[in-house]
K.L.:
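Sharing a structure here in structure tokens format.
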There are 2 protein chains.
Amino acid sequence: MSLSRQLSPSRTRDDGRGIPDATVARLPVYHRVLRTLADEGVHTISSDHLAQSCGVSPAKLRKDLSHLGSYGTRGVGYDVALLSYHISRELGLSQPWGVVIVGVGNLGHALVSYRGFASRGFEIVGLLDSHPDVVGKRVAATGVDLIVQPMAQLEMLVRESGASIGVIATPAEAAQKVCDRLVDAGVRSILNFAPAVLVVSDEVEIRKVDLAVELQILAFHEQRRVDDSSQLAQVMNA
Amino acid sequence: MSLSRQLSPSRTRDDGRGIPDATVARLPVYHRVLRTLADEGVHTISSDHLAQSCGVSPAKLRKDLSHLGSYGTRGVGYDVALLSYHISRELGLSQPWGVVIVGVGNLGHALVSYRGFASRGFEIVGLLDSHPDVVGKRVAATGVDLIVQPMAQLEMLVRESGASIGVIATPAEAAQKVCDRLVDAGVRSILNFAPAVLVVSDEVEIRKVDLAVELQILAFHEQRRVDDSSQLAQVMNA
DNA sequence: AAGGACTTGTGCCTTCGTGCACAAAGTTCA
DNA sequence: TGAACTTTGTGCACGAAGGCACAAGTCCTT
């Protein structure tokens, strides 16, 4: 896509540097499980065993890991610490990322108090909200406490903190405007919790988490299930 | 997979009844956008326009909708109300689904106060927590208030309410045990927010939402971006 | 030192998802 | 009525992802 990727086919691992998206999406899981294993004192693990702990097939796990390089030992398995290090390095977890959260309602609070951030190199560097009742409040994050800033501070906050990731936890109506301001301020990675489709330029990456969507997917399969069993009952009564 | 699907190739739409997973995952978005359009008084919309509002390509949208049947009119477009109805019907949104939420911390609170549930046929029928400070508290949901029940009530609550979907918003350590109890009580669809890999039997469907995973995926691409630009700078200095 | 047991890394094949392009069908206007 | 224009539905081709199976490499035992 970008200019520089075309003119530099020189990266060491994974010839030409293309890790499939599906693999990238699983690496964080492998990483988390490996750290848990390390805490438990496990030093070496086979792909079969690790795959089971991660809920994937062994073949898929091995193929995923092969994209990072050859960090396993045939006949033995993977060194937990080594593999964990290389995954975190590949994911960019070895350097800290500044995160700005916009919208400090219930969800925003939940995000701030989520313990999985700091340990993975994410640092919340700013909280923003538009509601006067919330602005100025002190919120306990992991490590330091933060004070909710008014929306007018957005651009300055992003610029001064050098934040690179923006999280949108506002109502749907406000999401697009917040998104535009984040992008204008220089943010190129956005995690959107608002149930709205955001339009951005190609250079910005957006990931979306929608609670209602997940529930509706579950409902679809649940309905299929009850349809099936009622049909089955009909057949058996016939 | 299941017995009944094999013996009933008689469903009307989508010969043999197989809607691709990728399509199912997008239907909720189409549905939400269509309802917004209906509220704005739009009666008819073309696939091009709807696709743009949903952030997908027109071809993909049309193919997705074709799995439900032919509900568009050539030369005109889709009737917003009709299409919205058929999608909601396919997703099982026309009948109410009972939802039990386990873990009423910050995230649990955010879920309860989320307004997107009731309007899509999801009704929160129970809140559970293990912490004595939380049990017994009244939490304002959409419509009715709910009182947080102790974990011991789980089985009874699921059975009496007939809840079909369970949401796990507990710490990771408790997730597997909660999951097992939900399944034992008869729940077959689970939405898991805890950062843990849950093992269940094949007949149970689990969907997972992991905030840290999403951030790490963003970090990966963000890192690739800065790698590229620093390499580009090197090339330009040479 | 050699053979057997074990485990990784990968080539091949199948399946799934996406995009293009066009025929079929409907509408509007003269 | 008929011709020009619009839009859906879909056949086809291509690329991404997943799974199988095995060669290559490592350790252990005798």
Side-chain angles (χ1 to χ4, degrees), chain A residues 1 12-27 29-30 34 37 42-80 82-84 86-87 90 202 217 220-221, chain B residues 1 12-27 29-30 34 37 42-80 82-84 86-87 90 202 217 220-221:
Chain A
M1 300 296 186
T12 45
R13 36 185 190 296
D14 194 57
D15 39 329
R17 195 55 182 303
I19 298 183
D21 288 347
T23 295
V24 173
R26 284 185 292 265
L27 288 180
V29 178
Y30 304 156
L34 283 169
L37 288 169
V42 179
H43 287 122
T44 295
I45 190 166
S46 71
S47 66
D48 276 42
H49 200 291
L50 179 57
Q52 192 169 14
S53 303
C54 297
V56 301
S57 76
K60 207 193 302 197
L61 174 71
R62 288 202 296 275
K63 193 164 286 189
D64 282 344
L65 296 182
S66 75
H67 288 290
L68 313 184
S70 285
Y71 298 122
T73 312
R74 300 180 186 214
V76 180
Y78 296 93
D79 181 285
V80 172
L82 182 70
L83 187 55
S84 175
H86 279 291
I87 292 179
E90 196 65 40
D202 293 348
I217 295 172
F220 171 82
H221 291 112
Chain B
M1 298 292 189
T12 46
R13 34 182 191 298
D14 195 57
D15 39 331
R17 195 59 184 299
I19 298 184
D21 287 347
T23 295
V24 173
R26 283 185 293 265
L27 288 181
V29 179
Y30 304 156
L34 283 169
L37 287 169
V42 179
H43 288 124
T44 296
I45 190 168
S46 71
S47 65
D48 276 42
H49 200 290
L50 179 57
Q52 191 170 14
S53 302
C54 296
V56 302
S57 75
K60 206 191 305 195
L61 173 72
R62 287 202 298 274
K63 192 162 286 185
D64 283 344
L65 295 183
S66 75
H67 289 289
L68 312 185
S70 286
Y71 297 125
T73 312
R74 303 182 187 213
V76 178
Y78 296 92
D79 181 285
V80 172
L82 182 72
L83 187 56
S84 174
H86 279 291
I87 293 178
E90 197 66 40
D202 293 348
I217 295 173
F220 171 82
H221 291 112

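Lettering of chains follows the sequences in order, A, B, ..., and the numbering in each one begins at 1. As a basis for the values below, the full set of heavy atoms in this structure was taken, side chains included, without hydrogen atoms, waters or symmetry mates.
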K.L.:
Is the distance from OP1 or OP2 of dG9(D) to the nearest side-chain N or O of Ser70(B) less than 4.0 Å?
P.N.:
yes

K.L.:
May I ask you to verify if any side-chain N or O of Ser57(B) is less than 4.0 angstrom from the OP1 or OP2 atom of dG19(C)?
P.N.:
yes

K.L.:
Apply the test side-chain contact (heavy atoms from CB on, under 4.5 Å) to residues Leu83(B) and Leu65(B): give CA-CA distance (whole Å), side-chain angles for both, the deciding distance (0.1 Å), then the verdict.
P.N.:
CA-CA 9 Å; Leu83(B) 187 56; Leu65(B) 295 183; 3.7 Å; yes

K.L.:
Are Ser47(B) and dT7(D) close enough that a side-chain N or O sits under 4.0 Å from OP1 or OP2?
P.N.:
no

K.L.:
In whole Å, I'd like the distance from the CG atom of Leu65(B) to the P atom of dT10(D).
P.N.:
12 Å

K.L.:
Round to a whole Å and report the spacing from CG of Leu68(B) to P of dG9(D).
P.N.:
10 Å

K.L.:
From OH of Tyr78(A) over to P of dC27(D), roughly how many Å is that when rounded to an integer?
P.N.:
15 Å

K.L.:
Please report, rounded to the nearest Å, how far the P atom of dT10(D) is from the CZ atom of Arg62(B).
P.N.:
11 Å

K.L.:
Are a donor atom and an acceptor atom from the side chains of Asp64(B) and Tyr30(B) found within less than 3.5 Å of each other?
P.N.:
yes

K.L.:
Give the rounded distance in Å between these two atoms: CZ of Arg74(A) and C1' of dT8(C).
P.N.:
5 Å

K.L.:
Write down the distance between OH (Tyr30(B)) and P (dT8(D)), rounded to a whole number of angstrom.
P.N.:
13 Å

K.L.:
Between Ser57(B) (side chain) and Lys60(B) (backbone), is there a donor-acceptor pair under 3.5 Å?
P.N.:
yes

K.L.:
Would you mind reading off the distance between Leu50(A) atom CG and dT7(C) atom P, rounded to a whole angstrom?
P.N.:
13 Å

K.L.:
The side chain of Lys60(B) is closest to which nucleotide in this list: dT27(C), dT18(C), dC20(D)?
P.N.:
dT18(C)

K.L.:
Is Ser53(A) reaching over with its side chain to a backbone N or O of His49(A), donor-acceptor style, under 3.5 angstrom?
P.N.:
yes

K.L.:
Rounded to the nearest 0.5 Å, what's the gap from CG on Leu27(A) to CG on Leu68(A)? Could you check?
P.N.:
5.5 Å

K.L.:
For the pair made of OH in Tyr71(A) and C1' in dT8(C), what is the distance, rounded to whole Å?
P.N.:
15 Å

K.L.:
Would you say Ser46(A) places a side-chain N or O within less than 4.0 Å of OP1 or OP2 belonging to dT7(C)?
P.N.:
no

K.L.:
Do Lys63(B) and dG19(C) share a donor-acceptor pair, side chain to base, under 3.5 Å?
P.N.:
yes

K.L.:
If each of Thr23(A) and Gly75(A) is mapped to the nucleotide of DNA chain D with the nearest heavy atom, which maps nearer the 5' terminus, i.e. the 5' end?
P.N.:
Thr23(A)

K.L.:
Return no unless some side-chain N or O of Arg26(B) is found under 4.0 Å from OP1 or OP2 of dT18(C).
P.N.:
yes

